[in-house]
Amino acid sequence: MARKPQGLLPVPEKLLVWEHADRAVFPFGIEKLAVADGEGNAPNARVMASAEFLIIAVPGSDKGVGTVCKVLQSEGAGEGRMSLVVQGVCRTRFSRPKDGGTTAVRHAPLPDKPLKGSSPLAAAKIRGILDRLNGLAVSAGTISPAFVDELSRIRLPGRFSDILAQELSLPPDKAGELLSEADPRKRVDLLHKFLQSEIEIESIRVEMENKTYNEIDKRQREYFLKQQMETIQSELSQGREQEGTEAPYLGKAESLDAPEAVREHLVKEIGRLARLSPYSEETAQLKPYLDLVFDLPWGKFTEDNLDLGKVKRLLDKEHFGLQKVKRRILEHLAVLKIGGKGGGRIFCLVGPPGVGKTSLGKAIAGALGRKFVQMSLGGIKDEAEIRGHRKTYIGAMPGRIIQGLRMAKTMNPLFLLDEIDKVGMDFRGDPSSALLEALDPVQNNHFVDNYLGFPFDLSKVLFITTANTTEGIHPAFLDRLEILELPSYTEEEKISIAKRHLVKRIKASTGVGDRISIDDRAITAVIRSYTREAGLRNLERELEKIYRNAALKLARGKAVGERIGDQEARKILGPQPFFCNERMKKEKVGVATGLAYTEVGGEVLFVEASVIDGTGNLTLTGQLGEVMKESAQAALTFIRSKASELKLNARSLSKKDVHIHFPEGAIPKDGPSAGITIAVALYSVLTGKKVDRDTAFTGEITLRGDVLPVGGVREKILAAHRSRIRRVVLPSFNRKDTAELPKSVLSSTEMIFVDDIKEVFSHAF
Ligand code: ADP
């Protein structure tokens with residue numbers, strides 16, 4: 001007979017009991033349960049699978065309560081294992097089977113206690129339960145909001161509590177308690193309490209989770225802080241390393257013989273260095289800076305030898321002649337000796353290459369007992385070369401003046417600035433102004449180099465400059481310079497210098513000594529045939545060649561005591577490069593000898609003129625400058641305008657083209673001084689008269705035929721003398737320039753002074 005509890009399914013009176021260890025099954029609840037053969041004292045899996053109803057008991061519930069369940073589905077999982085899907089039908093009480101559940105037992109279904117009226121308390125609790133469930137759904141995610149929503153629609157507290165109980169994972173004791181409770185309101189109560197504790201557990205869990213999270217967060221923060229600390233500490237320890245390097249600098253700064261402001265500046269920079277990492281870019285800039293500053297010759301001076309007699313002796317010993325210059329130097333020293341300031345001018349030694357400017361500068365330094373530094377200004381176009389770059393620039397360096405002083409190791413060296421006439425200027429600034437500041441005695445006691453960044457005293461430096469000609473010198477310098485000219489040497493002077501100085505020096509430097517000597521004729525031959533120069537550079541070089549050859553012989557054990565004559569010298573030096581213009585010196589129509597003044601001294605040059613049939617055009621060739629072209633034009637115009645006076649056929653002149661050429665066309669030529677020479681060549685070609693080859697001409701010509709003065713007369717006459725030209729025609733205005741020529745020149749060269757071109761022509765033909 002089947003019982004029909006509470007109007008539900010009819011249930012058999014006896015049923016198999018299965019004490020299941022997993023989840024309890026509540027009325028209305030559906031569960032999937034796994035069962036295996038011979039598991040504890042459970043009935044055989046296949047037996048259970050074949051039953052329509054079972055009592056699923058709650059393990060450990062001593063009261064013998066369980067749920068009658070309908071087996072909805074059973075399927076084998078192999079190896080005697082089955083899974084059963086069951087649905088709870090009703091509560092029931094039973095007596096425990098003795099055989100472990102293999103036989104069916106009687107049971108008594110336990111219906112819910114009927115509810116008497118409504119209970120606001122129960123309603124409130126249901127509400128409370130739903131709220132908590134919502135909370136759990138949100139915080140823990142263990143309950144789905146859809147379920148909570150479904151649940152809220154169930155009005156019956158019994159069903160409400162059973163459905164909820166099935167959803168919650170209740171421990172067996174709690175499940176047993178809920179199953180044995182037939183009063184639905186009490187069950188709600190129990191669930192309310194249970195959820196309360198569940199929520200507490202959840203909140204503790206969340207709190208703990210947060211704590212662990214915070215803990216991790218904290219640890220991470222600590223880690224980063226620690227890392228930072230380590231970095232800072234390593235920086236600090238490196239700082240301490242820098243402190244180590246700082247100490248010697250500080251010591252140097254304190255004992256430095258420098259103005260207070262400079263010392264303060266340095267101490268500040270040293271402090272900065274101590275705070276920097278040794279690997280920083282700034283350290284890489286600052287250290288060389290400090291090294292340089294401390295390397296400057298602060299407070300170091302050499303004492304001048306102001307024994308003028310001794311200075312004179314020393315200068316004479318090294319240099320032949322140059323009396324004017326030597327005298328001026330002695331005057332300067334005399335002024336210093338008696339306490340004067342020296343007039344504030346800077347000496348500028350002007351002369352062609354090889355006349356001894358540099359070596360004289362060095363000799364003056366030696367005689368005075370000063371250190372000698374030399375610097376060439378040739379080609380300097382950038383102001384920074386003089387004044388330096390700010391030290392913050394990559395690869396910054398001080399300017400050349402400060403570098404020179406560092407090399408000199410004293411504050412008062414003799415500083416020779418070569419080639420002041422070659423200082424350039426471009427977009428990087430004008431170096432002249434920086435140079436002027438360095439040279440100007442009025443302001444050079446606080447010369448600011450950009451790299452140093454503070455003023456440095458240059459007032460004790462003796463600056464001497466050199467130049468080849470005064471023409472190239474910036475007018476601003478010319479104002480401040482005292483020009484001391486070193487003229488070209490005559491042949492006689494060259495022979496004397498070679499005998500007294502050059503040969504001596506070469507004998508010593510080649511190690512030949514007095515074992516081999518050279519005779520005067522050999523020296524003269526070298527000067528005449530192997531050099532053509534104002535100075536002595538090539539002569540020195542050729543003599544060196546001769547002596548090196550002698551050294552070779554000596555090394556082979558020959559030639560001791562030999563005297564080198566001119567034949568021997570010619571043999572050693574080979575074919576002569578200069579032919580003394582012998583061919584040009586032959587008299588020809590249309591060729592005149594001119595004199596030019598160039599950087600390398602005076603030069604002899606030739607002017608050729610030709611006329612061909614044409615329309616009166618003028619052609620000029622031979623790399624002529626504008627001024628020279630104009631003077632050629634002026635010469636031609638003069639001849640045309642004075643054609644009848646000069647007994648020329650004016651009409652035939654207008655039907656001729658004139659060509660004027662300056663041989664050695666590779667050398668650029670300029671200046672007005674060839675005017676009268678061109679006129680002579682033209683007149684010669686137009687008249688067919690030969691020009692006297694032993695006469696050279698220099699002078700500017702006007703359209704009226706006046707002859708105007710020219711520059712470089714001294715050098716020109718010396719050049720004519722070197723080329724063995726016996727007569728020089730030159731402007732009367734230049735008479736004064738010939739006064740100081742060496743006697744040997746004056747005695748062998750006839751000087752003809754003229755005022756107009758007709759006089760020139762009368763001497764030319
Ligand atoms: P510069 O600087 O004018 O071009 P250097 O000083 O280089 O000329 O001179 C070239 C060479 O000639 C040097 O060996 C120098 O000693 C020598 N010299 C020039 N003039 C004289 C002189 N008057 N007495 C002795 N040696 C001289």
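Fair warning: this is a prediction, and the values are worked out from it, not measured in the lab. Every number for a ligand or one of its atoms is a count from 1 in the order of the listing.
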| Under the salt bridge (charged side-chain N to carboxylate O under 4.0 Å, His left out) criterion, do Arg387 and Glu437 qualify, and how do the steps go? | CA-CA 10 Å; Arg387 211 193 271 286; Glu437 205 185 305; 2.8 Å; yes
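Side-chain contact between Asn305 and Lys310: present, with at least one pair of heavy atoms (C-beta onward) separated by less than 4.5 Å. Ser748 has its side chain out of reach of Arg726: every pair of non-hydrogen atoms, C-beta onward, lies at least 4.5 Å apart.
For a heavy-atom separation below 4.0 Å, the residues in contact with ligand 1 are Glu318, His319, Phe320, Leu322, Pro352, Pro353, Gly354, Val355, Gly356, Lys357, Thr358, Ser359, Tyr489, Ile497, His501, Leu502, Arg505, Leu536, Arg537, Glu540.
Within a 6.0 Å sphere centred on CZ of Phe294, other residues, nucleotides and ligands contribute more than 12 heavy atoms. For Lys736, the NZ atom is densely surrounded, since the number of other residues' heavy atoms within 6.0 Å is greater than 12. For Glu568, the CD atom sits in a packed shell: over 12 heavy atoms of surrounding residues, nucleotides or ligands are nearer than 6.0 Å.
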